[in-house]
Q: 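Got a structure for you, written out below as structure tokens; questions coming shortly.
Only heavy atoms go into these numbers, but all of them, side chains included; no hydrogens, no water, no symmetry mates. As the structure is a prediction and not an experimental result, all values here were calculated from the model. Just so it is clear: chains get the letters A, B, ... in the order the sequence lines come, proteins before strands, and each one is counted from 1.
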Amino acid sequence: DAKTTQPNSMESNEEEPVHLPCNHSTISGTDYIHWYLQLPSQGPEYVIHGLTSNVNNRMASLAIAEDRKSSTLILHRATLRDAAVYYCILRARAGGTSYGKLTFGQGTILTVHP
Amino acid sequence: DTAVSQTPKYLVTQMGNDKSIKCEQNLGHDTMYWYKQDSKKFLKIMFSYNNKELIINETVPNRFSPKSPDKAHLNLHINSLELGDSAVYFCASSLGTGAYGYTFGSGTRLTVV
């Protein structure tokens, strides 16, 4: 399984943008980049995913480097509710030996200060 | 309308007992998963079923047996429970392709005493 590397923790102030980096230098051409967050005592929650182009949704934006070896999850205005563990995961397309499973790493613990 | 629902939410049981956790999804997904999150918070995949067929079986003791009666349900049965089985178990579902996200349930906290 292709691996990702994220900082253990990051801090932000409320109302400021947050850029969460992820390195995935061994990404293959058919791997999708997925981001999930996990709030305390809850299940992981899908945030966003992309393949090559930058993506925007109501929760966040995903910026993907041109060589796809890194990506950044952007929260445009952090709120206290955004404090969570954020996971960057590569998901292979179905049909490969990984069967498209998500393999979680340690993630980034985001702390948001009021 | 809960998309992925697990029951029970909490389960406290004695060592040696057998217990089951049920999972149901109403999203029309074709693939379902069981994940285990231990005290160190690492999430590890245990099993995956695609259209009722087992496709992923990670290194899990054979005391754990998943069952999928149809593609909307994936249950987890655990025999002879041990202290080390204490964890939070998450069910998830997805379409079986990298282009789709997973939807997770809210988890079942299993405590073996």
Side-chain angles (χ1 to χ4, degrees), chain A residues 1-4 6 8-9 24 27-53 55 57-60 62 64 68 73 84-109, chain B residues 2-7 9-10 21 23 25 27 29-51 53-60 66 74 87-111:
Chain A
D1 298 333
K3 295 280 191 283
T4 62
Q6 300 176 251
N8 289 337
S9 62
H24 29 78
I27 190 170
S28 76
T30 54
D31 285 342
Y32 286 82
I33 302 160
H34 283 241
W35 282 83
Y36 289 76
L37 66 85
Q38 187 174 23
L39 297 167
S41 302
Q42 294 191 27
E45 179 183 341
Y46 166 81
V47 179
I48 200 166
H49 77 278
L51 185 61
T52 56
S53 303
V55 184
N57 67 21
R58 63 175 180 81
M59 292 181 71
L62 176 59
I64 301 173
R68 299 207 330 126
L73 179 70
V85 181
Y86 287 80
Y87 298 98
C88 167
I89 307 168
L90 301 182
R91 187 183 183 194
R93 63 176 173 84
T97 55
S98 69
Y99 296 98
K101 69 182 178 183
L102 290 178
T103 301
F104 285 79
Q106 65 183 22
T108 296
I109 300 171
Chain B
T2 304
V4 178
S5 59
Q6 298 179 227
T7 53
K9 190 171 176 63
Y10 299 97
I21 307 172
C23 180
Q25 56 96 2
L27 297 166
H29 290 164
D30 59 4
T31 308
M32 296 185 72
Y33 311 82
W34 278 111
Y35 279 79
K36 177 181 180 181
Q37 187 166 39
D38 60 23
S39 58
K40 295 182 180 176
K41 304 298 184 185
F42 283 109
L43 274 155
K44 288 191 65 176
I45 190 167
M46 301 173 68
F47 301 104
S48 176
Y49 272 74
N50 176 265
N51 286 319
E53 179 185 348
L54 181 66
I55 57 171
I56 296 174
N57 185 350
E58 297 290 302
T59 310
V60 177
L74 179 62
V88 182
Y89 293 84
F90 290 102
C91 177
S93 72
S94 177
L95 289 173
T97 163
Y100 291 90
Y102 280 32
T103 301
F104 283 82
S106 57
T108 296
R109 182 174 293 277
L110 171 65
T111 304

Q: At a 4.5 Å cut-off on heavy atoms, which part of B/Gln6 comes close to chain A: side chain, backbone, both, or neither?
A: neither

Q: By side chain to side chain donor-acceptor pair (under 3.5 Å), which residues pair with B/Tyr35, not counting sequence neighbours?
A: none

Q: Would you give the length of the straight line joining atom CG of B/Asn50 to atom CE of B/Met32, rounded to the nearest 0.5 angstrom?
A: 12.0 Å

Q: Taking side chain to side chain contact (heavy atoms under 4.5 Å, CB included) as the test, write out the residues that go with A/Tyr46, two or more places apart.
A: A/His34, A/Tyr36, A/His49

Q: Relative to chain A, which segment of B/Leu43 carries a heavy atom at a distance below 4.5 Å: side chain, backbone, both, or neither?
A: both

Q: Can you tell which part of B/Lys40 gets under 4.5 Å to a heavy atom of chain A, answering side chain, backbone, both or neither?
A: neither

Q: Name the orientation class of the two ring planes belonging to A/Tyr87 and A/Phe104 (parallel below 30°, tilted from 30 to 60°, perpendicular beyond 60°).
A: perpendicular

